[in-house]
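Just below is one structure, and these are the notes that go with it.
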Amino acid sequence: MRMRLRFGVVFALLLAFDSAAIELSRVSHEPNEFDPSGGDTARVRFVLSDPARVEVQIHDGRGYQIRLISSGLLTAGDNHIDWDGRDFAGRLVPSEAYSYSIRATATDETTTWEGAAANDKFHSIQDLRWDPEAEKFHYSLRADSRVRIRIGLANNGPLLRTLLDWVPRAAGTREQAWDGLDASGALDLKDHAHLVFDAKAFPLASNVILIGPTADEVTLISDVPKETPRLASPKRRRRVYDYPYQSIESRRDFPLELSVGQKLARSSDGIPIVTGPLAVRLDVADERRAAVLSERCEVVFFVDGRYVFETEMGFLPMTWTWNPQGTKSGVHYITANLRGYEGHFGMSTLKVRVGGEENR
């Protein structure tokens with residue numbers, strides 16, 4: 001009887017030992033940002049409580065698993081796995097932000113580490129300064145973040161360009177080139193007296209690795225197979241300006257198409273000549289129209305930076321008629337802003353000439 005009790009105790013202890021979860025701790029990576037085109041790699045470090053086989057999953061901004069790196073059996077203690085910045089097809093991934101998770105397995109026991117969620121609070125871009133001579137913005141970030149910089153005119157004037165549209169940037173002192181032009185290339189704003197800048201950022205999670213070289217646009221892998229595993233997106237009610245929780249595909253501003261809706265004579269430098277009421281046609285690219293309209297939107301028109309017309313029930317395509325009566329002869333700028341309910345914008349400027357060629 002005593003032998004049976006002792007055996008039972010030992011067996012119970014063995015079961016308890018076998019069922020203990022593997023612990024993954026002290027997870028980190030270095031460096032925060034690297035350029036794989038030069039052969040650099042990122043190293044993911046972690047500590048295992050027990051020997052285990054480990055997988056590091058790399059995800060893009062959509063949550064797609066674009067790489068799975070598997071190890072052999074690793075010993076307990078300090079370990080690491082390197083990522084060379086390549087995707088499932090062995091290609092260098094686009095310059096962007098990528099997150100990682102870790103899964104450790106020993107016999108039938110599996111533990112997964114996914115990192116802590118990022119703080120969704122916006123923080124200010126610090127020390128933002130525009131240098132018109134160098135044609136560069138200078139600013140600093142407290143943490144690795146997604147950054148947006150918009151440029152417009154003061155006194156409730158139009159938004160004229162989105163220079164950076166939630167692109168990833170590493171913490172520290174940064175600079176950003178700008179040629180001084182608006183989104184349409186119609187206006188040179190470098191030395192405009194009423195320029196204003198709207199600069200915002202939200203921090204990235206601690207398990208995010210930045211791939212260089214730094215890019216000015218969000219670029220994603222275009223041919224991810226349909227069967228590719230994808231992280232579940234948290235269900236969240238659509239809200240105004242909820243950028244950190246919007247999908248990376250829908251978060252961005254969009255190009256707005258502005259054109260004259262009638263045949264007009266043109267000056268020798270190609271500018272439409274307006275001698276009476278002008279039909280101005282507004283639209284977006286076919287592939288964006290459904291998304292823009294589903295968001296609900298309003299359209300605002302400006303002439304030479306001053307508000308002239310607004311409709312709160314935007315539809316696409318739409319035509320607005322501008323009457324230039326009383327407008328001084330010469331070159332003028334018609335700007336349209338399409339404002340989406342969730343905070344996305346389209347902007348475009350049309351350059352026209354009121355009166356004849358002799359009024360240049």
Side-chain angles (χ1 to χ4, degrees), residues 148-163 165 180-198 240-241 253-267 269-285 288-289 292-293 295-360:
R148 188 192 67 197
I149 298 177
R150 285 173 170 164
I151 300 161
L153 298 182
N155 303 319
N156 297 315
L159 179 65
L160 294 169
R161 183 164 180 177
T162 301
L163 185 62
D165 204 0
L181 298 179
D182 75 321
S184 303
L187 284 164
D188 188 341
L189 302 165
K190 281 194 293 288
D191 299 309
H192 200 292
H194 301 294
L195 277 184
V196 291
F197 310 112
D198 175 39
V240 181
Y241 306 135
D253 287 346
F254 49 89
L256 192 63
E257 300 170 359
L258 201 61
S259 59
V260 294
Q262 62 209 73
K263 190 172 182 178
L264 296 175
R266 291 181 179 267
S267 64
D269 51 2
I271 303 173
I273 297 174
V274 180
T275 57
L278 176 68
V280 180
R281 189 177 188 275
L282 179 147
D283 204 354
V284 300
R288 294 300 302 271
R289 189 176 296 116
V292 171
L293 292 175
E295 186 174 330
R296 292 170 45 194
C297 55
E298 62 181 16
V299 180
V300 186
F301 282 92
F302 305 81
V303 175
D304 297 333
R306 296 183 179 86
Y307 165 87
V308 292
F309 176 80
E310 177 178 0
T311 174
E312 294 184 359
M313 295 297 293
F315 56 92
L316 295 170
M318 71 166 289
T319 299
W320 169 66
T321 301
W322 175 55
N323 189 343
Q325 185 176 4
T327 302
K328 184 179 177 181
S329 296
V331 173
H332 296 273
Y333 299 89
I334 301 172
T335 298
N337 280 178
L338 193 153
R339 302 173 177 173
Y341 171 79
E342 293 178 55
H344 310 124
F345 276 68
M347 63 215 75
S348 184
T349 297
L350 183 64
K351 186 177 181 179
V352 299
R353 184 181 299 280
V354 173
E357 183 86 11
E358 70 278 2
N359 292 312
R360 281 190 293 171

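Numbers here are sequence positions counted from 1. These numbers come from a predicted model, not from an experiment.
Taking OH from Y333 and CG from L187, the interatomic distance works out to 5.5 Å, rounded to the nearest 0.5 Å. Here the CZ-NE2 distance, from R288 to H344, works out to 8.0 Å after rounding to the nearest 0.5 Å. In this structure, CZ in R339 is found 13.5 Å from CD in E295, a value given to the nearest 0.5 Å. In this structure, CG on D182 lies 7.5 Å from OG on S348, to the nearest 0.5 angstrom. Rounding to the nearest 0.5 Å places CD of Q262 at 13.0 Å from CZ of R281. Summarising the geometry, atom CZ belonging to F345 is positioned 11.5 Å from atom CG belonging to L160; distances are rounded to the nearest 0.5 Å.
Side chains of V331 and V352 form no contact here, defined as non-hydrogen atoms less than 4.5 Å apart. Here the side chains of I334 and L278 are in contact, with some heavy-atom distance below 4.5 Å. M318 places a side-chain heavy atom less than 4.5 Å from the side chain of T311. Contact check for D198 versus R148: side-chain heavy atoms found under the 4.5 Å cut-off. Side chains of R150 and D253 form a contact here, defined as non-hydrogen atoms less than 4.5 Å apart. Looking at L338 and F254, their side chains come closer than 4.5 Å, going by heavy atoms from C-beta outward. For the pair R353/D269, a side-chain contact is recorded, criterion being any heavy-atom separation below 4.5 Å from C-beta on. Using a 4.5 Å cut-off on side-chain heavy atoms (C-beta onward), P158 and L153 make contact.
The side-chain contact (heavy atoms from CB on, under 4.5 Å) test with T335 is passed by exactly one of D304, L350, T349: T349.
Taking a 6.0 Å sphere around CZ of R289, one finds it holds more than 12 heavy atoms contributed by other residues, nucleotides or ligands. Counted within 6.0 Å of NZ on K328, heavy atoms from surrounding residues, nucleotides or ligands total 12 or fewer; the atom is thus considered open.
Listed by chain and residue number, nothing satisfies the ring pair (Phe, Tyr, Trp, His ring centres under 6.0 Å) test with F302 (two or more places apart in sequence, or in another chain). When the side chain to side chain donor-acceptor pair (under 3.5 Å) test is applied to N337, no partner is found at least two apart in sequence or on another chain.
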Checking side chain to side chain contact (heavy atoms under 4.5 Å, CB included) for the pair L181/L189: CA distance, chi angles, key distance, verdict?
CA-CA 6 Å; L181 298 179; L189 302 165; over 6 Å; no
Check against side chain to side chain contact (heavy atoms under 4.5 Å, CB included), L316 and D283
CA-CA 6 Å; L316 295 170; D283 204 354; 3.9 Å; yes
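The minimum heavy-atom distance between A154 and V196, with the atom names listed, is CB-CG1, 3.6 Å. Nearest heavy-atom pair, A336 versus L256, reported as atom, atom and distance to 0.1 Å: O-CD2, 3.6 Å.
Listed by first and then second residue, the side chain to side chain donor-acceptor pair (under 3.5 Å) pairs that reach into residues 313-323 come to none, sequence neighbours excluded.
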